[in-house]
Number of protein chains: 2
Amino acid sequence: MRVSTRFSDSVHILAFIEIYQDQRLSSELIANSIETSPVVVRRLMSTLRESGLIATKKGTAEPKLSKSPHEITLLDVYLATERAKQLFTLDTNTNPDCIVGGNIQKVLGSYYEDAKMAALRKFNNVSLQDIIETILVEQKAKEHNVQ
Amino acid sequence: MRVSTRFSDSVHILAFIEIYQDQRLSSELIANSIETSPVVVRRLMSTLRESGLIATKKGTAEPKLSKSPHEITLLDVYLATERAKQLFTLDTNTNPDCIVGGNIQKVLGSYYEDAKMAALRKFNNVSLQDIIETILVEQKAKEHNVQ
DNA sequence: ATTACTTGTAAAATCAAAAGTTACAGATAT
DNA sequence: ATATCTGTAACTTTTGATTTTACAAGTAAT
């Protein structure tokens, strides 16, 4: 299948909303930065709204973060966009009558869970503020190199 | 797209080969445990062979592990089957002329890398032997409960 | 209150990575 | 010789995701 870029794009949207909070933030403008369609942006924003990360008003192009960027972590965004998606996928259709097929799902699944948790813990230690600040530093570095 | 079960199925194959090493291990027999087709098994085994995890001989149903199950980790299998696949996927098509679109890939990518590494470190601490032993314990527990 | 612009969704179309299938050349072993 | 396998290539199917199309309904400014 196609690879999901929802998580990445959702972080993008949140950073964009914060950085350009003084401008008219239409889904079209945001879509232009992500290089996708406005509908995709609105759909992702629906999810972010349902998860309490942003507030929007129908008819007006004024989305706002519901919390300070210090209080939003990558984990919040991950959970909002990917829900309970398995990070490492088990083959859930193995032969239950075989010693291996009948037990591997539980066994591997538990190690998968450990690994996933290690990754998500990292995400819980990175805030949207961290992302934004790093983006701004990278941008300045880029501008500096040009001169 | 479909979700890849190559990693899971490859671990399955390795555990199966070790546990049933005294039997005739045709791709058909293994496929029966995974509930897939023999061709899929042979394809996965090709990859495992290229990565030096198993040795096979064309025409004979006698695959063997190339190393002791103590020396094969989940990370070895992961790297063999998923190669450099991104665990968390970046949207690689964002607007370079926007401050956010032009920098988010590098910034997010680095946090993604940290999280991926945390997960892979966990995998590097789990051996095929651990998997096999846990499968056998689970099996005994299952049989015990039946009585 | 009309006009232009928006959001929020639903529904259908398209895409692409992966599994599944078919076919077959070539190796092995009895 | 015969039966059974492996190893691959080529093609088809599946399916989760994006993309597109369409439209009802809210907002704001003239």
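Every value quoted in this text rests on a predicted model; they were computed, and no experiment measured them. When reading the values below, keep in mind they use all heavy atoms of this one structure, side chains included, and skip hydrogens, waters and symmetry mates.
Closest to the A/Arg42 side chain, of the nucleotides C/dA29, D/dT8, C/dT7, is C/dT7. Comparing D/dT18, C/dT7, C/dT21 by their closest approach to the side chain of A/Thr5 singles out D/dT18. If you check D/dT6, D/dA17, C/dG8 against the side chain of B/Ser26, the one that comes closest is D/dT6.
Contact annotation: B/Thr56 side-chain N/O to D/dG7 OP1/OP2 distance is under 4.0 Å. A/Thr36 has no side-chain polar atom (N or O) that falls below the 4.0 Å cut-off from OP1 or OP2 of D/dT18.
Look at NZ on A/Lys58: it is 19 Å from P on C/dC5, rounded to the nearest Å. In this structure, CG of A/Leu48 is placed 15 Å from C1' of C/dT7, rounded to the nearest angstrom. The distance between atom CZ of A/Arg6 and atom P of D/dG16, rounded to the nearest whole Å, is 11 Å. Look at CG on A/Leu87: it is 17 Å from P on D/dG16, rounded to the nearest Å. If you take CG of B/Leu44 and P of C/dA17, they are 18 Å apart, rounded to a whole angstrom. Here the C1' atom of nucleotide C/dA19 and the CD atom of B/Glu35 are 15 Å apart, to the nearest Å. Atom pair A/Glu28:CD and D/dT21:P shows a separation of 14 Å (rounding to whole Å applied). Note: CG (B/Asp9) to C1' (C/dG20) measures 13 Å, nearest angstrom.
For B/Arg43 against C/dG20, a side-chain N or O and a base N or O form a donor-acceptor pair under 3.5 Å.
Counted by atom type alone, B/Gln105 and B/Thr92 present zero donor-acceptor pairs between their side chains at under 3.5 Å.
Between B/Val40 and A/Thr60, the residue whose closest nucleotide on DNA chain C is further toward the 5' end is A/Thr60. Between A/Gly59 and B/Glu50, the residue anchored closer to the 5' end of DNA chain D is B/Glu50, taking for each the nucleotide with the nearest heavy atom. Residues A/Ser37 and B/Ser27 each lie close to DNA chain D; by heavy-atom proximity, the contact nearer the 5' end of the strand is made by B/Ser27. Taking the nucleotide of DNA chain C with the nearest heavy atom to each of A/Val39 and A/Leu25, the more 5' of the two is matched to A/Leu25.
For the pairing with A/Leu25, the side chain to side chain contact (heavy atoms under 4.5 Å, CB included) check across A/Thr60, A/Thr56, A/Ile17 returns one residue only, A/Ile17.
A tilted orientation is assigned to the rings of A/Phe123 and A/Tyr78, their planes being inclined by 30° to 60°.
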Residues B/Ile13, B/Ile34; criterion side-chain contact (heavy atoms from CB on, under 4.5 Å); working and verdict: CA-CA 8 Å; B/Ile13 290 171; B/Ile34 301 184; 3.7 Å; yes

CA sep, side-chain torsions, deciding dist, call: A/Tyr20, B/Ile99, side-chain contact (heavy atoms from CB on, under 4.5 Å): CA-CA 10 Å; A/Tyr20 295 107; B/Ile99 291 179; 3.6 Å; yes

